[in-house]
Peer 1: 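Attaching a single structure in structure tokens format; questions to follow.
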Amino acid sequence: MVEKFIMAGNTALHICDSEVGEKSVVLLHGYLENMLVWEEFIPLLYKELRVITLDIPGHGISEIKGECHSMEYLADTVAAALTSLGIAEATIVGHSMGGYIALAFAERHPDRTSGVVLLHSTPYADNEEKRKNREREIALVKAGKKELLAHTAPAAGFAPENRNRCREAIEELEQTVFLTEEGGIVALLNGMIGRKDQNEMLRNLDKPILFILGRKDGYITTEVAEKMVGEHPEAKVVWLEKSGHMGFVEEPKACAAALLEFVKENTKG
């Protein structure tokens, strides 16, 4: 993997690129993560695919642009990055928040979308409860209390029975929160609050779609996930039986196998 900074439109973007492979996949991390979250997962993919990861603007060391990073702005930034890298189209894989960006990318750049993978993510907009929770997180961060997020959010992403086994990964995610700039957290929370429902777009999208879901996900419950699956018969579905919200860490081999099969069978480039 080659690590570098590029200009993606008017945004300075921190990326990694394996640079080799006929088919390309972009891995978009979730909220309170950065591209390092994929470090152990990438070796399961890069021998067969060109893998691109990046720090989503607002997290990691990519640039922060204002107080709201809309999903549309972030999708356009990803598209500009692909242009800079000379990649015509790619499979866009989005973990959690990254899935919201993947959906916006597919809507705005369908000609550059080989396929969409929602990895522990949904096409639903925030309901009132989620909006209020995000607003509370914004207030916490602005009050200088992001350590409260660091002490709760990372562990909650894992199935309870996996937390001891994944303790090192949880500690790394906790450290990531401490290192994330407050302004970036706020910008992404505002962007998620303002995002729209993408169910109709997804149903009408003439592209391969894959849902990878965790049976023990505390953020996207089985009830919500099964509702989503029922509303989208056009999507292929893979359940990770022993995973919470972090299946690419909790069950990396099963997650990678599902992704590789999807890309090979359903995409051209």
Peer 1: Measure the CG-CZ distance between Leu189 and Arg136 for me, rounded to the nearest 0.5 Å.
Peer 2: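 It is 12.5 Å, given to the nearest 0.5 Å.
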Peer 1: Ion pair present between Lys4 and Glu19, side-chain N to carboxylate O less than 4.0 angstrom?
Peer 2: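 Salt bridge present between Lys4 and Glu19.
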Peer 1: Shared ILVMFWY cluster between Met7 and Ile64, side chains joined below 4.5 angstrom?
Peer 2: no
Peer 1: Can you measure from SG (Cys16) to CE (Met35) and round to the nearest 0.5 angstrom?
Peer 2: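 Between Cys16 SG and Met35 CE, I get 3.5 Å after rounding to 0.5 Å.
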Peer 1: Could you measure the distance from the NZ atom of Lys65 to the OH atom of Tyr73? Nearest 0.5 Å is fine.
Peer 2: 6.0 Å
Peer 1: Charged N to carboxylate O below 4.0 Å: is that the case for Arg215 and Glu226?
Peer 2: yes
Peer 1: Identify the heavy atoms of Ile87 and Ser24 that sit nearest to each other, and give their distance.
Peer 2: CG2-OG, 3.8 Å
Peer 1: Would a single hydrophobic cluster contain both Val26 and Met71, if residues Ile, Leu, Val, Met, Phe, Trp and Tyr are joined by side-chain heavy-atom contacts under 4.5 Å?
Peer 2: yes
Peer 1: Taking all heavy atoms of Gly9 and all of Ala80, pick out the closest pair and write down the distance.
Peer 2: N-CB, 3.3 Å
Peer 1: Quick one: do Leu44 and Val93 end up in the same hydrophobic cluster if we chain Ile, Leu, Val, Met, Phe, Trp and Tyr together by side-chain heavy atoms under 4.5 Å apart?
Peer 2: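 Yes, one cluster joins them.
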Peer 1: Judged by atom type as modelled, is there a donor-acceptor pair below 3.5 Å linking the side chain of Lys146 to the main-chain atoms of Leu140?
Peer 2: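 No: the side chain of Lys146 does not pair with the backbone of Leu140.
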Peer 1: Please name the pair of heavy atoms, one in Ala159 and one in Lys242, separated by the smallest distance, quoted to 0.1 Å.
Peer 2: CB-O, 4.2 Å
Peer 1: Transitively linked via ILVMFWY side-chain contacts under 4.5 Å: Tyr100 with Leu213?
Peer 2: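 Each belongs to a different hydrophobic cluster.
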Peer 1: Is a donor on one side and an acceptor on the other found under 3.5 Å between the side chain of Arg50 and the backbone of Val20?
Peer 2: no
Peer 1: Is there a path from Val238 to Leu202 through hydrophobic residues (I, L, V, M, F, W, Y) whose side chains come within less than 4.5 Å of each other?
Peer 2: no
Peer 1: Measuring from atom CD1 of Ile52 to atom OG of Ser18, what distance do you get when rounded to the nearest 0.5 angstrom?
Peer 2: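 It is 6.5 Å, given to the nearest 0.5 Å.
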Peer 1: Does the side chain of Glu63 come under 3.5 Å of the side chain of Thr11 through a donor N or O and an acceptor N or O?
Peer 2: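 Per modelled atom types, Glu63 and Thr11 side chains form no pair under 3.5 Å.
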Peer 1: Any side-chain donor paired with an acceptor under 3.5 Å for Asn164 and Arg167?
Peer 2: no
Peer 1: In sequence, state the C-alpha distance, the side-chain angles, and the governing distance for His14 and Glu3, and then conclude on side chain to side chain donor-acceptor pair (under 3.5 Å).
Peer 2: CA-CA 8 Å; His14 182 220; Glu3 182 179 358; 2.5 Å; yes
Peer 1: Is it true that Arg108 and Glu72 make a salt bridge, defined as a side-chain N closer than 4.0 Å to a carboxylate O?
Peer 2: no
Peer 1: Return the minimal non-hydrogen interatomic distance between Ala258 and Leu210, and the atom names on each side.
Peer 2: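 That would be O-CD2, 4.0 Å.
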Peer 1: Counting N and O atoms only, with roles assigned by atom type, does the side chain of Asn34 sit under 3.5 Å from a partner on the main chain of Ile61, one being a donor and the other an acceptor?
Peer 2: no
Peer 1: May I ask you to decide whether Glu135 forms a salt bridge with Arg131, counting only side-chain N to carboxylate O separations under 4.0 Å?
Peer 2: no
Peer 1: Is the shortest distance from a Lys or Arg side-chain nitrogen in Glu250 or Lys216 to a carboxylate oxygen in the other one below 4.0 Å?
Peer 2: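 No, this pair does not count.
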Peer 1: Kindly say whether Val37 contributes a backbone atom to a donor-acceptor pair with the side chain of His29 at under 3.5 angstrom?
Peer 2: no
